[in-house]
Protein chains: 2
Amino acid sequence: MAKAAKQKTNSAPEKTTRIQEINRRLILDAALDAFSTYGFRGTTIDQIADKAGMSKPNLLYYFPRKQNIYVTLLEETLAEWLAPLADIDPEGDPIEQLRKYITLKIKMSESHPEASRLFANEVLHGAPAISDFLSKHLKPLVDEKAVIIRRWVGEGKLAPVDPYHLIFMIWATTQHYADFDVQVRAIMGSQVGRPGFREQTAQAVLSIILNGIRPRD
Amino acid sequence: MAKAAKQKTNSAPEKTTRIQEINRRLILDAALDAFSTYGFRGTTIDQIADKAGMSKPNLLYYFPRKQNIYVTLLEETLAEWLAPLADIDPEGDPIEQLRKYITLKIKMSESHPEASRLFANEVLHGAPAISDFLSKHLKPLVDEKAVIIRRWVGEGKLAPVDPYHLIFMIWATTQHYADFDVQVRAIMGSQVGRPGFREQTAQAVLSIILNGIRPRD
DNA sequence: CTGCATTTTGACCAACTAGTCAAGTTTTTG
DNA sequence: CAAAAACTTGACTAGTTGGTCAAAATGCAG
């Protein structure tokens, strides 16, 4: 949807200039910061323009509507955010695959908390901009992985567990550290910033979930 | 903070009339609905007044500022929301106590999803209105329960687990079903509404977490 | 270096929104 | 039942915000 700047011709090519590339990036970075902190309604175009170091009309030259910036950001983010799930290998060792997945998600939660918050905010408010994406891309992917997990359970490689709830639990737990960062900090204080905190978190989460789904006799 | 309507005298008593009681309730109910769906900035006073069936100036007669409604709601909600954690019995059986806690949280997530979303939204945006509450009330409570859990671990009644991360995991997982309801529905479809879904959820969550922290030899 | 396309911006507007106010209506109370 | 208190509202204001526009500045191909 996000139409770029005006072009010489009205045909397909959509060539982007050097300046366009730079400025669109500046805008998107600034917008991610703002949207993830204040939400869509709580963010003004002026704020984004300021942060991006340009005038409001100039920003609107690249993204004619505020909504365009928001949707572009979500689209950009979602693919990347879901990649690790797609990477779960049906032929790998179940516990090992899930360990890798959880570890990666915790890393992402630490390195891109704004992306997590942007997404959380959108879903929290009913996902008006991405409900299509959820049903057309997310659901099939999860369904696919659920089949694999269910097979693993059938083969006795995992304790009997509902695959969907397991995936929700992994999402909820890992993203909690990004989305509820303020609360985590209020409770754990200075520990949060310290080096090694992520490893400690990963250790605790992995220990509970993996032991929770390890096959028992 | 939330000052009630004008009173006869300017002394302490703060007596509330029948009408005040009814109307404040109408306003707060309408506001919870709106704030939890659209967030603070996304909700207008007119919206709340409409939903509550009164004029905007009349609403402002009861809550002179939009902020007042919001803060009152958060305060009202938080105490109730935290009660189950406070109820964990240091002398009870660890697994049983945690089972009860998790079950209760999942029930609340289903019966009061708006409250969960209101809170999630506030924390997601940096908890500007309740950071005091977090450090002055939530932290001490969690610290207190962490000591208990740590003792349980020491006594060999639970597998070695960091109490804070365990509590975060319980919060994250249970509240996920309220906060990310749209996503859960997009993926699990019609199952979500069906009777027994909550029991199925509770079963899955309990199974993973409790087995994850059950003492191992 | 010249002419055209691209980029940038100050000034502006219309819609929206939190909050005010004075004048009315209803409820309570002595 | 009359006066006082409590409640209700239409009309309004001031500030904010998304978006427009025409004109100026800059970049770039030949």
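Between A/Q20 and C/dT6, a side-chain N or O to OP1/OP2 separation shorter than 4.0 Å is absent. Neither OP1 nor OP2 of D/dA6 sits under 4.0 Å from any side-chain N or O of B/Y62. Listed pair A/R65 / D/dG18 fails the phosphate criterion, with no side-chain N or O lying under 4.0 Å from OP1 or OP2. Taking 4.0 angstrom as the limit, A/N23 places a side-chain polar atom (N or O) nearer than this to OP1 or OP2 of C/dT8. Remark: A/T17 is in phosphate contact with C/dT7, judged by side-chain N or O atoms under 4.0 Å from OP1 or OP2. For the OP1/OP2 pair of C/dT7 and a distance below 4.0 Å, the side-chain nitrogens and oxygens of A/R18 include no atom meeting the criterion. At the phosphate of D/dT9, OP1 or OP2 sits under 4.0 Å from a side-chain N or O atom of B/N58.
Between A/F40 and A/I69, every side-chain heavy-atom pair lies at or beyond the 4.5 Å cut-off. Side-chain atoms of B/K145 and B/Y101, non-hydrogen and from C-beta on, never get closer than 4.5 Å to each other. Taking 4.5 Å as the limit, some side-chain heavy atom of B/I102 sits within range of a side-chain heavy atom of B/V205.
Partner of B/D46 under the salt bridge (Lys or Arg N to Asp or Glu O under 4.0 Å) criterion, chosen from B/K56, B/K66, B/K51: B/K56.
The nearest whole Å value for the distance from the CZ atom in B/R24 to the C1' atom in D/dC7 is 15 Å. One interatomic measurement links the two molecules: CE of B/M54 to C1' of D/dG10, which rounds to 17 Å at whole-angstrom precision. Regarding B/Y70, its OH atom lies at a distance of 15 Å from the P atom of C/dG19, rounded to whole Å. Between the C1' atom of C/dC16 and the CG atom of B/D46 lies a distance of 9 Å, rounded to the nearest Å. Distance A/I48 CD1 to D/dG19 P: 11 Å, rounded to the nearest Å. Atom NZ of B/K56 is separated from atom P of C/dC16 by 12 Å (rounded to the nearest Å). Rounded to whole angstrom, the span from the CG atom of B/L60 across to the C1' atom of D/dT13 amounts to 14 Å. Separating the CD1 atom of B/I22 from the C1' atom of C/dT26 is a distance of 14 Å, rounded to the nearest angstrom.
The residue among B/Q67 and A/G53 whose nearest nucleotide of DNA chain C is located toward the 5' end is A/G53. The nearest heavy atom of DNA chain C to B/T44 and to B/I19 marks one nucleotide each, and the one closer to the 5' end goes with B/T44. Mapping A/P57 and A/Q47 onto DNA chain D via the closest heavy atom, the residue that lands nearer the 5' end is A/Q47.
A donor-acceptor pair under 3.5 Å is formed between the side chain of A/E122 and the backbone N or O of A/A129. Using a distance-only test at 3.5 Å, with no hydrogens or angles considered, no donor-acceptor pair links the side chain of B/T77 to the main chain of B/A115. With hydrogens and angles disregarded, no donor-acceptor distance shorter than 3.5 Å links the side chain of B/T173 to the backbone of B/I170.
Checking D/dT20, C/dT8, C/dA18 against the side-chain heavy atoms of A/Y61 singles out C/dT8 as nearest. With D/dT9, D/dC7, C/dA18 as the choices, the nucleotide that has an atom nearest any side-chain atom of B/S55 turns out to be D/dT9.
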Please step through side chain to side chain contact (heavy atoms under 4.5 Å, CB included) for the pair B/W171 and A/Q183, ending with a clear verdict. CA-CA 11 Å; B/W171 287 349; A/Q183 186 176 247; 3.6 Å; yes

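Proximity of residues 25-43 of chain B to DNA chain C (heavy atom under 4.0 angstrom from any strand atom) is restricted to B/T43.
Note on A/I45: only backbone sugar-phosphate atoms sit closer than 4.0 angstrom, heavy atoms only; bases stay farther off.
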